[in-house]
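What you are looking at is a predicted structure, and each value in this text was computed from that prediction instead of being measured. Note that these values count all heavy atoms, side chains included, but never hydrogens, waters or copies made by symmetry.
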Amino acid sequence: MEFSPQKVLALSEPTYAARPDYIEAVQKHGMVVDWRLKIVAWFDQLGDAFDMKPETIAMATNYLDRYLSRRSCGGVNLQLAATASIFLASKVEEQRPFRTSDLVTLSGGLLQAADIRLMELELVSTLR
């Protein structure tokens, strides 16, 4: 029996979905609900400032939630994960995606281009 692409996608979705309880169940390095709220607000601010599609913001949030459902992180690693999420989502959805140099500037130099690229690779690998 052959399934349509939509059916295959629907059947595989639970494998890739974010855990609804990931903050309590997975996060052991300081991640709390307030941090997620701040990151999502930052995504929204970036969306407004750079006239990004709502889909880009939703995709970045999805990437981050899925990543945090599988990896515990806090502090700078959490900032890197959020930055890599918006970076990857902009590459998928936007006509003019972010460049790593844009994100280094936005971080005030806290994050380096090499670190952002490495986190992007980890994000893609973790999300499969």
Side-chain angles (χ1 to χ4, degrees):
M1 182 173 175
E2 194 169 315
F3 292 114
S4 69
Q6 294 84 2
K7 181 72 172 178
V8 171
L9 184 62
L11 290 171
S12 68
E13 189 173 12
T15 303
Y16 297 101
R19 290 180 62 152
D21 66 343
Y22 75 80
I23 292 177
E24 299 83 15
V26 178
Q27 295 305 309
K28 306 297 180 204
H29 292 94
M31 169 70 179
V32 294
V33 173
D34 285 347
W35 288 10
R36 184 187 181 278
L37 296 173
K38 288 177 184 179
I39 291 168
V40 172
W42 179 63
F43 286 166
D44 286 338
Q45 289 171 350
L46 288 175
D48 291 344
F50 292 95
D51 196 29
M52 300 171 90
K53 298 176 189 175
E55 294 85 358
T56 305
I57 305 309
M59 186 175 287
T61 304
N62 178 275
Y63 289 161
L64 183 63
D65 285 338
R66 288 173 48 208
Y67 178 79
L68 295 174
S69 289
R70 291 162 180 81
R71 300 270 193 267
S72 178
C73 63
V76 173
N77 281 336
L78 180 59
Q79 290 175 296
L80 272 169
T83 301
S85 296
I86 195 75
F87 186 38
L88 184 59
S90 77
K91 287 181 177 182
V92 173
E93 289 293 330
E94 297 296 325
Q95 291 284 336
R96 298 188 67 208
F98 284 118
R99 298 171 301 180
T100 48
S101 60
D102 299 330
L103 297 169
V104 168
T105 301
L106 284 171
S107 77
L110 175 68
L111 307 177
Q112 299 302 310
D115 295 329
I116 294 168
R117 287 191 295 273
L118 283 172
M119 180 56 83
E120 181 187 22
L121 287 173
E122 183 178 334
L123 182 72
V124 169
S125 174
T126 300
L127 299 182
R128 294 183 265 144

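Note on Ile116: it does not cluster hydrophobically with Leu118, by side-chain heavy-atom contacts below 4.5 Å among ILVMFWY residues. Using a 4.5 Å cut-off between side-chain heavy atoms of Ile, Leu, Val, Met, Phe, Trp and Tyr, with links allowed through other members, Leu127 and Phe87 fall into the same hydrophobic cluster. Both Leu110 and Met31 are part of a single hydrophobic cluster, where members link through side-chain heavy atoms under 4.5 Å apart. Tyr22 and Trp35 fall within a single hydrophobic cluster, where Ile, Leu, Val, Met, Phe, Trp and Tyr side chains are chained together by heavy-atom contacts under 4.5 Å. Follow the hydrophobic side-chain contacts under 4.5 Å out from Ile57 and you reach Leu106 in the same cluster.
Taken to the nearest 0.5 Å, the CG atom of Asp102 stands 11.0 Å off from the OG atom of Ser107. Here the CE-CD distance, from Met52 to Gln45, works out to 13.0 Å after rounding to the nearest 0.5 Å. Going from atom NZ of Lys91 over to atom OG1 of Thr56 covers 13.5 Å, rounded to the nearest 0.5 Å. Leu64 CG to Cys73 SG: the interatomic distance, rounded to the nearest 0.5 Å, is 7.5 Å.
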task = Assess whether side-chain contact (heavy atoms from CB on, under 4.5 Å) is satisfied between Ile39 and Leu78, documenting all intermediate values.
result = CA-CA 9 Å; Ile39 291 168; Leu78 180 59; 3.8 Å; yes
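Taking both residues in full, the closest heavy atoms of Leu123 and Tyr63 are given as CD1-O, 4.0 Å, listed atom of the first, atom of the second, then distance. The shortest non-hydrogen separation linking Ala18 to Ser69 is CA-OG, 3.4 Å. Across all their heavy atoms, Asn77 and Met119 have their closest contact at O-CE, 3.7 Å. In this structure, Glu93 and Met59 approach most closely via the heavy-atom pair OE2-CE, 3.3 Å. Closest heavy-atom contact between Phe43 and Ser85: CZ-CB, 4.2 Å. Nearest heavy-atom pair across Phe98 and Ile86 is CE1-CG1, 3.9 Å.
Counting heavy atoms from C-beta outward, Ser90 and Phe50 have side chains that stay 4.5 Å or more apart. In this structure, Arg36 and Thr61 have side chains that are in contact, with non-hydrogen atoms separated by less than 4.5 Å. Using a 4.5 Å cut-off on side-chain heavy atoms (C-beta onward), Leu68 and Val26 make no contact. Residues Val76 and Asp115 are not in side-chain contact: their nearest non-hydrogen atoms beyond the backbone lie 4.5 Å or more apart. Contact of the Val104 side chain with the Leu111 side chain is not registered, since no non-hydrogen atoms from C-beta on lie closer than 4.5 Å.
When the shell of 6.0 Å around CZ of Arg99 is examined, it contains 12 or fewer heavy atoms from other residues, nucleotides or ligands. The environment of Lys53 atom NZ is dense: over 12 non-hydrogen atoms of other residues, nucleotides or ligands sit within 6.0 angstrom.
Under the 3.5 Å distance criterion, the side-chain polar atoms of Thr100 are left unmatched by any main-chain donor or acceptor of Ala113. Remark: side-chain polar atoms of Thr83 are paired, donor with acceptor, to backbone N or O of Gln79 under 3.5 angstrom.
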